[in-house]
Amino acid sequence: AFKDKEDGLARIEAMSHRFGSDYVERLKADFAAAEPIAFDDIKNHFKCDFEGDADYVICCGGGGWWNSEKETFRSKWEAEHPGATYADFYKSKEYQDELLRLTNQYATNLIEKIGERRYLVELEYEDHTDIGSELEHHILPYCEFTVQSFNHH
């Protein structure tokens with residue numbers, strides 16, 4: 001999230017002293033080519049990402065790696081509904097209500113992080129290239145302008 005496109009280019013260029021030119025040049029090119037996301041559409045634009053994160057927390061719990069002994073929203077629901085199927089859980093009003101609550105909470109949190117910086121772009125990087133892996137894991141998560149990361153693994 002940036003004030004405007006020029007602000008974004010300047011902030012990325014300022015990273016040159018800390019990171020190699022290959023990373024900064026790739027980031028600048030990707031940023032310059034990115035289509036801005038309308039601020040008013042932010043909730044809808046990331047709806048699937050918010051729902052994916054919410055579903056993970058509902059089923060596997062928050063706070064890091066999943067383990068089968070961790071109490072979760074889903075494990076509590078299953079204990080209260082013996083004999084219910086996997087499909088019953090996902091169709092339940094309780095699951096749907098919790099999914100909506102968390103999805104809205106995640107959207108609200110992102111909007112708060114964005115603040116007045118209304119020039120928004122989405123950049124995607126992955127592990128399949130050296131530059132992409134560095135940007136995804138070691139550079140962008142620590143940049144002040146990165147307001148949200150989504151894991152699609």
Side-chain angles (χ1 to χ4, degrees), residues 1-68 70-75 77 89-153:
F2 303 94
K3 287 189 266 183
D4 52 38
K5 190 170 189 170
E6 292 74 28
D7 176 51
L9 290 169
R11 287 176 181 265
I12 293 168
E13 182 65 36
M15 296 168 55
S16 294
H17 71 282
R18 184 168 178 198
F19 303 104
S21 62
D22 290 347
Y23 304 112
V24 174
E25 290 305 315
R26 168 75 184 274
L27 187 55
K28 274 189 350 190
D30 292 345
F31 173 80
E35 186 70 30
I37 302 164
F39 179 77
D40 294 340
D41 191 42
I42 197 81
K43 187 175 179 179
N44 187 52
H45 183 87
F46 292 111
K47 184 178 187 221
C48 289
D49 295 300
F50 294 142
E51 285 179 347
D53 286 355
D55 179 69
Y56 182 86
V57 168
I58 289 168
C59 294
C60 302
W65 292 99
W66 173 84
N67 78 53
S68 60
K70 184 187 284 186
E71 186 173 73
T72 65
F73 182 91
R74 181 177 174 185
S75 66
W77 186 92
F89 170 70
Y90 281 102
K91 291 177 185 176
S92 73
K93 180 174 178 6
E94 297 92 347
Y95 170 79
Q96 294 298 321
D97 288 349
E98 184 65 1
L99 183 69
L100 180 61
R101 184 189 74 75
L102 284 175
T103 298
N104 286 334
Q105 178 185 322
Y106 295 159
T108 298
N109 291 347
L110 177 58
I111 289 167
E112 287 175 6
K113 288 181 201 173
I114 291 169
E116 297 301 315
R117 299 173 293 162
R118 301 294 172 92
Y119 190 87
L120 310 168
V121 297
E122 180 179 17
L123 301 173
E124 294 184 38
Y125 296 101
E126 57 188 40
D127 293 333
H128 303 293
T129 66
D130 290 342
I131 291 175
S133 181
E134 283 298 308
L135 286 167
E136 177 187 11
H137 295 290
H138 302 116
I139 297 175
L140 289 175
Y142 305 103
C143 291
E144 175 271 332
F145 55 76
T146 300
V147 292
Q148 184 71 45
S149 293
F150 293 105
N151 185 339
H152 292 231
H153 288 274

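Heavy-atom basis, side chains included; hydrogens, waters and symmetry copies ignored.
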For the backbone of L99 and the side chain of T103, can you confirm whether one donor and one acceptor N or O come within less than 3.5 Å of each other?
yes
Nearest 0.5 Å, please: how far is CG in D130 from CG in D22?
10.0 Å
To the nearest 0.5 Å, atom CD of E136 lies from atom CD of E124 at 10.0 Å
When rounded to the nearest 0.5 angstrom, what distance separates CD1 in I131 from CZ in F19?
13.5 Å
Exercise: identify the closest heavy-atom pair between L120 and A1
CD2-CB, 3.5 Å
Identify the two heavy atoms, one from T72 and one from C60, that lie closest to each other, and give their separation to 0.1 Å.
CG2-C, 3.4 Å
Please check: side-chain N/O of Q96 versus main-chain N/O of Y90, any donor-acceptor pairing under 3.5 Å?
yes
Could you tell me whether D7 and R11 have a side-chain N and a carboxylate O separated by less than 4.0 Å?
yes
Test side-chain contact (heavy atoms from CB on, under 4.5 Å) applied to I139 and M15, step by step
CA-CA 10 Å; I139 297 175; M15 296 168 55; 3.5 Å; yes
Where the side chain of K113 meets the backbone of T146, is there a donor-acceptor pair that is under 3.5 Å apart?
no
From CG (L110) to CD1 (I42), nearest 0.5 Å
5.0 Å
Nearest 0.5 Å, what's the CZ-CD1 distance between F145 and I114?
14.5 Å
State whether the side chain of K5 and the backbone N or O of A32 hold a donor-acceptor pair below 3.5 Å, judged by distance alone.
yes
Taking G115's backbone N and O only, do any of them form a donor-acceptor pair with R118's side chain (distance below 3.5 Å, no angle check)?
yes
Determine, step by step, whether V24 and I12 satisfy the side-chain contact (heavy atoms from CB on, under 4.5 Å) criterion, reporting the C-alpha distance in whole Å, the side-chain angles of both residues, the deciding distance to 0.1 Å, and the verdict.
CA-CA 7 Å; V24 174; I12 293 168; 4.1 Å; yes
Smallest separation among heavy atoms of S133 and D127, with atom names:
OG-OD1, 3.7 Å
Is any side-chain N of the basic residue among E144 and R117 closer than 4.0 Å to the acidic one's carboxylate O?
yes
Any heavy-atom pair between the side chains of E98 and W77 that's under 4.5 Å?
no
Expected output: side-chain S16 to main-chain E13 donor-acceptor under 3.5 Å
yes
With heavy-atom distances below 4.5 Å as the criterion, would you say the side chains of Q148 and Y106 are in contact?
no
Examine distances only and state if a side-chain atom of S149 and a backbone atom of P141 form a donor-acceptor pair shorter than 3.5 Å.
no
Less than 4.5 Å apart, side chain to side chain, heavy atoms only: is that true for K47 and K43?
no
Y142 and H137 have their tightest heavy-atom pair at CE1-O, 3.7 Å
In Å, rounded to the nearest 0.5 Å, how long is the span from CG of L102 to CZ of F50?
12.0 Å
Would you please classify the geometry between the F89 ring and the F73 ring as parallel, tilted or perpendicular, with 30° and 60° separating the classes?
tilted
Counting only heavy atoms not in D97, do more than 12 fall under 6.0 Å of its CG?
yes
Take L140 and L27 through the test side-chain contact (heavy atoms from CB on, under 4.5 Å) and record every step on the way to the result.
CA-CA 10 Å; L140 289 175; L27 187 55; 3.9 Å; yes
Just so I know, are the side chains of P36 and F2 near enough to count as touching, which here means a heavy-atom distance under 4.5 Å?
no
Between the main-chain N or O of E51 and the side-chain N or O of D55, is there a donor-acceptor pair closer than 3.5 Å?
no
